[in-house]
Peer 1: 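Below is the structure I would like to discuss, written out as structure tokens.
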Amino acid sequence: MADEGGEFVDVLLEWYAENGRHDLPWRDPSASPFEIFVAELMLQQTSAEQVRGVYGEFVEQYPTAGTLLAAPEEDVAKAIEPLGLRKRTAYFRRASAQLLARHDGRVPDSRSELLNLHGVGEYTAASVLAHAYGRDASAVDTNVERVLARVFGSESAEPESSEMWDLSDRLAPAGRCDDFLHALIDFGAAVCTARDPNCESCPFEATCEY
DNA sequence: AATCCGGGGCC
DNA sequence: GGCCCAGGATT
């Protein structure tokens, strides 16, 4: 099992190197923790291509918590209107206020402090740690959960989310959690899709439980 | 534990 | 017309 898992990681990272979405702006190494934080809030229940359409102008106008909070609320709302979920305007404003009040306007690098920000749950907190600070923090969204459940099979028909978090923790290669998570997400979005998965071009077709 | 949010893309 | 999307807040 552990051996199979190691091979899975190697093949997945190889797939990612060739087929990953390496041009997404919030994955650029120059992206600041706040810019990555902004991307994580935008990506909640929202496709990456949708976010790409508004992200660049948004972080250019609001590169910090201070600039975002100083902007008129209606301007922020209009900037993210194409993303849906209008309550995200409140997420941005309240979280920015909390960043300024508690963390001198900076994005914290601890799980507990991230969780106390409005709009940040277990997934977003772990994702920020992995992508903004290079931590080995596995973050399992519905996309990753589906991929792992299919490839490794799930004992129960309705797999416990905690099982997938543990599995992801075990699989994540030390020091490369950042790439590993992006690879899982891209693979889930391009090949192991929710409906009508592209199994014929899947490198795990031979051993996949699905 | 269940419900709600939301515009856009794709059946 | 229904389902899905880098989930989380609310009840």
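What you see is a predicted model, and the numbers here were worked out from it, not measured in a lab. Heavy-atom basis, side chains included; hydrogens, waters and symmetry copies ignored.
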Peer 1: Taking side-chain hydrogen bond (donor to acceptor under 3.5 Å, both in side chains) as the test, write out the residues that go with D109(A), two or more places apart.
Peer 2: R135(A)

Peer 1: Looking across every strand, which nucleic acid part, if any, lies under 4.0 Å from T124(A) by heavy atom: base, sugar-phosphate, or nothing?
Peer 2: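 Here T124(A) touches the backbone only, sparing every base.
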
Peer 1: Would you call R86(A)-E81(A) a salt bridge at under 4.0 Å N-O?
Peer 2: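 Salt bridge absent between R86(A) and E81(A).
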
Peer 1: Flag the pair E73(A) and R93(A) as a salt bridge only when some basic side-chain nitrogen lies within less than 4.0 angstrom of an acidic carboxylate oxygen.
Peer 2: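 Here E73(A) pairs with R93(A) in a salt bridge, since their nearest N and O are under 4.0 Å apart.
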
Peer 1: Atom CG of L43(A) to atom C1' of dC5(C): distance rounded to whole Å?
Peer 2: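 Checked: the CG to C1' distance equals 10 Å.
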
Peer 1: Taking atom P of dC5(C) as reference, at what distance in whole Å does atom CG of L184(A) sit?
Peer 2: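 One finds 15 Å between P of dC5(C) and CG of L184(A), rounded.
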
Peer 1: Counting only heavy atoms not in R27(A) (residues, nucleotides, ligands), do more than 12 fall under 6.0 Å from its CZ?
Peer 2: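 Yes, CZ of R27(A) has more than 12 neighbouring heavy atoms, counting only those of other groups under 6.0 Å.
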
Peer 1: Has R21(A) got more than 12 heavy atoms of other residues, nucleotides or ligands less than 6.0 Å from its CZ?
Peer 2: yes

Peer 1: Flag the pair F34(A) / L99(A) as yes when at least one side-chain heavy-atom distance between them is below 4.5 Å, and no otherwise.
Peer 2: yes

Peer 1: Would you check if T193(A) and N198(A) make a side-chain contact, meaning some heavy-atom pair closer than 4.5 Å?
Peer 2: no

Peer 1: Expected output is a numbered-order residue list: members of residues 48-61 of chain A with a heavy atom under 4.0 Å from any atom of DNA chain B. What is it?
Peer 2: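 Heavy-atom contacts with DNA chain B come from Q50(A).
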
Peer 1: For the pair made of CD in E35(A) and P in dA6(C), what is the distance, rounded to whole Å?
Peer 2: 21 Å

Peer 1: Do the non-hydrogen side-chain atoms of H131(A) and H182(A) ever get within less than 4.5 Å of each other?
Peer 2: yes

Peer 1: Base, sugar-phosphate, or nothing for G84(A), non-hydrogen atoms under 4.0 angstrom?
Peer 2: base

Peer 1: Between Q44(A) and T124(A), is there a side-chain donor-acceptor contact under 3.5 Å, judged purely by atom types and distance?
Peer 2: yes

Peer 1: Got a list of protein N/O to nucleotides 2-5 of chain B N/O distances below 3.5 Å?
Peer 2:
unit_1, atom_1, unit_2, atom_2, d
dC5(B), O2, K87(A), NZ, 3.1

Peer 1: When you measure from the side-chain N and O atoms of T46(A) to the phosphate of dG6(B), is any distance below 4.0 Å, counting only OP1 and OP2?
Peer 2: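 False: T46(A) side-chain N/O out of range (4.0 Å or more) of dG6(B) OP1/OP2.
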
Peer 1: Quick one: is R146(A) getting a side-chain N or O under 4.0 Å of the dC5(C) phosphate, OP1 or OP2?
Peer 2: yes

Peer 1: Phosphate oxygens OP1/OP2 of dA6(C): is one of them under 4.0 Å from a side-chain N or O of T142(A)?
Peer 2: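 For dA6(C), neither OP1 nor OP2 has a side-chain N or O of T142(A) closer than 4.0 Å.
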
Peer 1: What nucleotide, of dA9(C), dC5(C), dG9(B), holds the atom closest to the side chain of A194(A)?
Peer 2: dC5(C)

Peer 1: Check every strand shown and say whether V120(A) touches a base, only sugar-phosphate, or nothing at a heavy-atom separation below 4.0 Å.
Peer 2: sugar-phosphate

Peer 1: I'd like to know if K78(A) pairs up with D75(A) as an ion pair, taking the criterion as any Lys NZ or Arg NE/NH1/NH2 lying under 4.0 Å from an Asp or Glu carboxylate oxygen.
Peer 2: no

Peer 1: Between P on dG8(C) and CZ on F92(A), what's the gap in Å once rounded to a whole number?
Peer 2: 13 Å

Peer 1: Closer to the 5' end of DNA chain C via nearest nucleotide, is it Y91(A) or H182(A)?
Peer 2: H182(A)

Peer 1: Rounding to an integer number of Å, can you tell me how far F37(A) CZ sits from dG8(C) C1'?
Peer 2: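 Those two atoms, CZ and C1', are 12 Å apart.
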
Peer 1: Mapping R195(A) and L115(A) to their closest nucleotides on DNA chain C, which lands nearer the 5' end?
Peer 2: R195(A)

Peer 1: Can you say whether a donor on the side chain of R27(A) sits under 3.5 Å from an acceptor on the base of dA6(C), or the other way round?
Peer 2: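 When only heavy-atom distances are counted, R27(A) does reach the base of dA6(C) through a donor-acceptor pair under 3.5 Å.
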
